[in-house]
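These notes concern the structure reproduced below.
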Amino acid sequence: MTEGFDADRKMQFLFTLRSRGVKDNRVLGAMEKVDRGRFIRGIFSERAYEDMPLPIACGQTISQPSVVGLMTQALNVQPRDKVLEVGTGSGYQAAVLSHLARRVYTVDRHPRLAREAKTLFEDIGLVNITTFAADGSHGLPDHAPFERILVTAAAEDPPGPLLAQLKTGGIMVLPVGQSDTVQSLIRVRRHETGFDYEELRPVRFVPLVEGMGKES
Ligand code: SAH
């Protein structure tokens, strides 16, 4: 059992984030508010405050905290933004975004992960997150466009529907590349006339898979 996000653990956690390049105070402030221990169950929960990815249900992973911080920082979320996250997983990244954005829509292809994250958001009082069980590679056309889109599973290329649902002036951050080789984190900006692509750093994510996951 974890002893929770006490002051000592929190200080160490924030120190590690800073030392790995998470410098944005708004992002650090949001991560300070979210106890990662709530998003991990079973034997791995005692490692919740270490900077490593950990297994969650349905064969998926909760991302490494410094990667969550760097992706959130690259997204440059503004207080009035409506953000789409593809790949809810444990819900941790969505919880961090919820402290920075007006509204967060998060979607996972595994109904169980979406269901458990939704319950957790309710338990910890994060009322500006809406959770969907769906194939997020199609985005959420009913709620588009989005000022920001974050994808936390790797596709070979940025999915067309997500590019289409990004508002002009908007930013999308996502890992791209083959699933079992090194992928690149990229940032896409939408302008009046097209898209700009920028490569940020190598990363390793589970693959973005089309269709729904089987119920478990
Ligand atoms: N952001 C998560 C980590 C995500 S792991 C966290 O903070 O814990 C990647 C997640 O993407 C997995 O839960 C996986 O089920 C989901 N995923 C993969 N392909 C998807 C798709 N097409 N649509 C929605 N979710 C998808």
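When a ligand or atom number is given, it counts from 1 through the structure's own listing order.
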When distances are taken from atom 19 (N) of ligand 1, the protein heavy atom at minimum range is V209 N, 2.9 Å
Plane angle bin for F132 and H143 - parallel if under 30°, tilted between 30 and 60°, otherwise perpendicular: tilted
For R102, look at atom CZ and say whether over 12 heavy atoms of other residues, nucleotides or ligands are found less than 6.0 Å away. yes
Pull out every atom of ligand 1 sitting under 4.0 Å from any heavy atom of V107, numbered as shown with elements. 24 (C), 25 (N)
Using non-hydrogen atoms of the residue, decide whether A95 is closer than 4.0 angstrom to ligand 1. no
Checking side-chain hydrogen bond (donor to acceptor under 3.5 Å, both in side chains) against Y49, which of D8, D35, T16, D6 comes through? D35
Residue pair V182 / R204, side-chain heavy-atom distance below 4.5 Å: no
Counting each atom of ligand 1 from 1 as listed, which ones have a heavy atom of G136 under 4.0 Å away? 21 (C), 22 (N), 23 (N), 24 (C)
Would a hydrophobic clustering, with Ile, Leu, Val, Met, Phe, Trp and Tyr connected at side-chain separations under 4.5 Å, put M71 with L174? no
Shortest protein contact, atom 25 (N) of ligand 1 (heavy atom only): R109 N, 3.2 Å
Considering only heavy atoms of Q93, which atoms of ligand 1 have at least one such atom less than 4.0 Å away? 1 (N), 7 (O)
Closest protein heavy atom to atom 3 (C) of ligand 1, given as residue, atom name and distance to 0.1 Å: T61 O, 3.3 Å
For M11, I'd like to know if atom CE has over 12 heavy atoms of other residues, nucleotides or ligands within 6.0 Å. no
Report yes or no: does a heavy atom of S63 sit under 4.0 Å from some atom of ligand 1? yes
Under 4.0 Å, heavy-atom basis, I'd like to know which part of Q60 is in contact with ligand 1: side chain, backbone, both or neither. side chain
Below 4.0 angstrom from a heavy atom of T88, which ligand 1 atoms are there? Numbered from 1 as shown, please. 1 (N), 2 (C), 6 (C), 8 (O)
Check: I124 and F39 side chains under 4.5 Å, non-hydrogen atoms: yes
One residue to check: V206. Relative to ligand 1, which of side chain, backbone, both or neither has a non-hydrogen atom less than 4.0 Å away? side chain
Suppose we measure from atom 18 (C) of ligand 1 to each protein heavy atom; which comes out shortest, and what is that distance? P207 O, 3.6 Å
For the side-chain hydrogen bond (donor to acceptor under 3.5 Å, both in side chains) test, which of R190, R187, H191 pairs with D196? H191
Which ligand 1 atoms does A153 reach within 4.0 Å, using its non-hydrogen atoms? 11 (O), 18 (C)
So I149 and V83, do their side chains get closer than 4.5 Å, heavy atoms only? no
Any side-chain heavy atom of V86 sitting closer than 4.5 Å to one from L208? yes
Sole residue of R20, R18, R36 in salt bridge (charged side-chain N to carboxylate O under 4.0 Å, His left out) with D51: R20
Nearest-neighbour protein heavy atom for atom 13 (O) of ligand 1, which is reported as residue plus atom name and distance: D108 OD2, 2.6 Å
Closest to atom 1 (N) of ligand 1 among G87, A155, G213, A154 (heavy-atom distance): G87
Heavy-atom contacts with I62 under 4.0 Å: which atoms of ligand 1 show up? List them by number with element. 8 (O)
Can you sort out which atoms of ligand 1 are near D135, meaning under 4.0 Å from one of its heavy atoms? 21 (C), 22 (N), 23 (N)
Taking the non-hydrogen atoms of I56, is any one of them nearer than 4.0 angstrom to ligand 1? no
For the pair E192 and T168, evaluate side chain to side chain donor-acceptor pair (under 3.5 Å) and give the outcome as yes or no after the intermediate values. CA-CA 6 Å; E192 296 286 347; T168 301; 5.1 Å; no
May I ask you to test the Y197-P158 pair for a side-chain heavy-atom distance under 4.5 Å? yes
Test of understanding: given a 4.0 Å heavy-atom threshold, classify the contact between V68 and ligand 1 as side chain, backbone, both, or neither. neither
What atoms in ligand 1 come closer than 4.0 Å to a heavy atom of S90? 6 (C), 7 (O), 8 (O)
Has A134 got any heavy atom lying under 4.0 angstrom from an atom of ligand 1? yes
